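It should be emphasised that the depicted structure is a prediction, and the values quoted were computed from it without experimental measurement. Chain A is the first sequence line, chain B the second, and so forth, proteins listed ahead of strands; every chain is numbered from 1. For the numbers below, each heavy atom of this structure counts, side chains included, while hydrogens, waters and symmetry mates do not.
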There are 2 protein chains.
Amino acid sequence: MRRDVFQAIADPTRRAIIALIALQAMTPNAMAEHFDSSRQAVSKHLRILTECQLVQQEQSGREIYYHLNPKKLKEVADFIEPYRKMWDKKFNQLDHVLSTLKNKKS
Amino acid sequence: MRRDVFQAIADPTRRAIIALIALQAMTPNAMAEHFDSSRQAVSKHLRILTECQLVQQEQSGREIYYHLNPKKLKEVADFIEPYRKMWDKKFNQLDHVLSTLKNKKS
DNA sequence: TATATTTGCAACCAGTTGGTTTCATTTAAT
DNA sequence: ATTAAATGAAACCAACTGGTTGCAAATATA
């Protein structure tokens with residue numbers, strides 16, 4: 001079974017979960033209250049997010065707090081990066097500014 | 001049927017197609033030669049990529065050249081952006097440099 | 001005109017997905 | 001000790017996925 005970050009963020013509920021726990025680690029029950037889906041559905045999403053290491057568990061008594069592991073999103077960023085200069089004018093300007101700075105230094 | 005960019009880039013073959021036509025617009029036949037999958041399979045992927053506007057068609061006789069529409073990837077970039085500062089030291093440094101530049105200007 | 005090439009589309013198929021309901025386990029509270 | 005709460009896992013289901021084969025339409029070539 002394929003379990004990669006791209007497949008994980010393909011689902012809108014999982015993206016919402018990511019956005020939610022980015023602000024604060026949270027238990028499955030707390031998350032479920034933010035969505036229409038049941039706690040068990042959230043639990044299944046969390047399993048997928050855990051399997052591809054996008055989130056990490058922290059046990060606290062009978063509760064489990066889920067933390068976001070933002071580093072994993074770098075894989076997606078790395079995929080997109082080569083195409084950024086094809087749409088982002090700002091990026092090109094930045095790129096110019098930085099290379100200019102670099103040249104001044106050396 | 002959900003047809004968004006996130007779902008489109010979830011498939012590794014489609015990401016490969018994106019990488020391929022980023023360099024040069026290409027016909028389905030030409031693409032299929034780069035992969036194990038059949039021309040029809042590539043065609044189905046192209047349909048999905050077209051439906052979410054990640055690629056654009058350019059008819060030329062009986063051939064159809066598919067171009068990448070990189071702007072659409074901005075949706076993914078926008079999703080990731082808020083989390084970048086959570087992993088990317090460079091980003092923070094850049095951010096600092098830029099705000100410094102801005103302050104000097106004003 | 002007859003033939004070959006390029007392409008998209010429909011039908012089919014096994015495997016996956018996202019959801020539900022039910023159940024067992026662990027831990028806290030009474 | 002009993003009850004309540006929090007969680008994960010299994011079984012089930014309809015819908016979707018990614019692949020295949022076969023076919024039809026449009027265009028180029030002989």
Side-chain angles (χ1 to χ4, degrees), chain A residues 1-21 24-69 72 76 79, chain B residues 1-21 24-69 72 76 79:
Chain A
M1 206 179 309
R2 189 158 51 84
R3 276 288 174 265
D4 58 62
V5 183
F6 292 94
Q7 183 258 341
I9 67 168
D11 183 84
T13 303
R14 285 197 287 270
R15 290 200 297 279
I17 291 177
I18 289 173
L20 206 56
I21 65 175
Q24 189 175 19
M26 204 173 285
T27 65
N29 255 328
M31 294 181 213
E33 287 173 6
H34 286 78
F35 305 111
D36 292 337
S37 34
S38 67
R39 179 193 61 76
Q40 284 90 338
V42 170
S43 199
K44 282 184 87 174
H45 284 305
L46 285 171
R47 182 178 177 178
I48 291 171
L49 290 169
T50 305
E51 279 174 359
C52 73
Q53 298 178 306
L54 256 172
V55 306
Q56 287 167 334
Q57 307 176 348
E58 178 207 354
Q59 190 100 27
S60 166
R62 68 183 161 186
E63 293 179 327
I64 300 179
Y65 285 87
Y66 283 84
H67 297 255
L68 179 63
N69 177 23
K72 261 288 165 175
V76 184
F79 167 70
Chain B
M1 205 178 308
R2 191 159 49 82
R3 277 287 175 263
D4 58 62
V5 183
F6 292 95
Q7 183 258 341
I9 66 169
D11 182 84
T13 302
R14 285 198 286 271
R15 290 200 299 277
I17 290 177
I18 289 173
L20 206 55
I21 66 175
Q24 190 175 19
M26 205 174 285
T27 66
N29 255 328
M31 293 182 214
E33 287 173 5
H34 286 77
F35 305 110
D36 292 337
S37 34
S38 69
R39 179 192 63 76
Q40 285 92 338
V42 171
S43 199
K44 282 184 86 173
H45 285 305
L46 285 171
R47 181 177 176 179
I48 291 170
L49 290 169
T50 304
E51 279 173 0
C52 74
Q53 300 176 305
L54 256 172
V55 306
Q56 288 166 335
Q57 306 176 350
E58 178 206 355
Q59 190 100 26
S60 165
R62 68 183 161 188
E63 293 178 327
I64 300 179
Y65 285 88
Y66 282 85
H67 296 256
L68 179 64
N69 176 24
K72 261 288 166 175
V76 184
F79 167 70

To the nearest 0.5 Å, what is the distance between [atom1] ([X]) and [atom2] ([Y])?
X: B/Ile48; Y: B/Leu54; atom1: CD1; atom2: CG; result: 11.5 Å
X: A/Thr50; Y: A/Tyr66; atom1: OG1; atom2: OH; result: 5.0 Å
X: B/Met31; Y: B/Ser37; atom1: CE; atom2: OG; result: 11.5 Å
X: B/Leu20; Y: B/Leu68; atom1: CG; atom2: CG; result: 11.0 Å
X: B/Arg47; Y: B/Arg3; atom1: CZ; atom2: CZ; result: 7.5 Å

| query | Whole Å only: how far is the CG atom of B/Asp4 from the C1' atom of D/dC16? | reply |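 Going from CG in B/Asp4 over to C1' in D/dC16 covers 14 Å.
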
| Atom-to-atom span, CD of A/Gln7 to P of C/dT16 - whole angstrom |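 In whole Å, C/dT16 P and A/Gln7 CD are 11 Å from each other.
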
| said: Does any part of the side chain of A/Phe79, heavy atoms only, come nearer than 4.5 Å to the side chain of B/Val76, both counted from C-beta? | reply: no

| message | So, does B/Ser43 get its side chain near the phosphate of C/dT7, meaning an N or O under 4.0 Å from OP1 or OP2? | response |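 For B/Ser43, the contact criterion (side-chain N or O under 4.0 Å from OP1 or OP2 of C/dT7) is not met.
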
| remark: Ordered by number, residues from residues 24-40 of chain B within less than 4.0 Å of DNA chain D (heavy atoms) are B/Ser38, B/Gln40

| query | Heavy atom of residues 45-69 of chain A under 4.0 Å from DNA chain D: which residues? | reply | A/Arg62, A/Glu63, A/Ile64, A/Tyr66

| task | Could you pull out the closest heavy-atom pair between B/Leu46 and B/Val55, with the gap in Å? | result |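 Residues B/Leu46 and B/Val55, closest heavy atoms: O-CG2, 4.2 Å.
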
| query | When you check the side-chain N and O atoms of A/Gln57 and A/Tyr65, is any donor under 3.5 Å from an acceptor? | reply |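 Judged by distance alone, the side chains do not pair up.
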
| note | Which of C/dG19, C/dG18, D/dG18 is nearest the side chain of B/Arg14? It is D/dG18

| Does any N or O donor sit under 3.5 Å from an N or O acceptor when you compare the side chain of A/Lys44 with the base of C/dG19? | yes

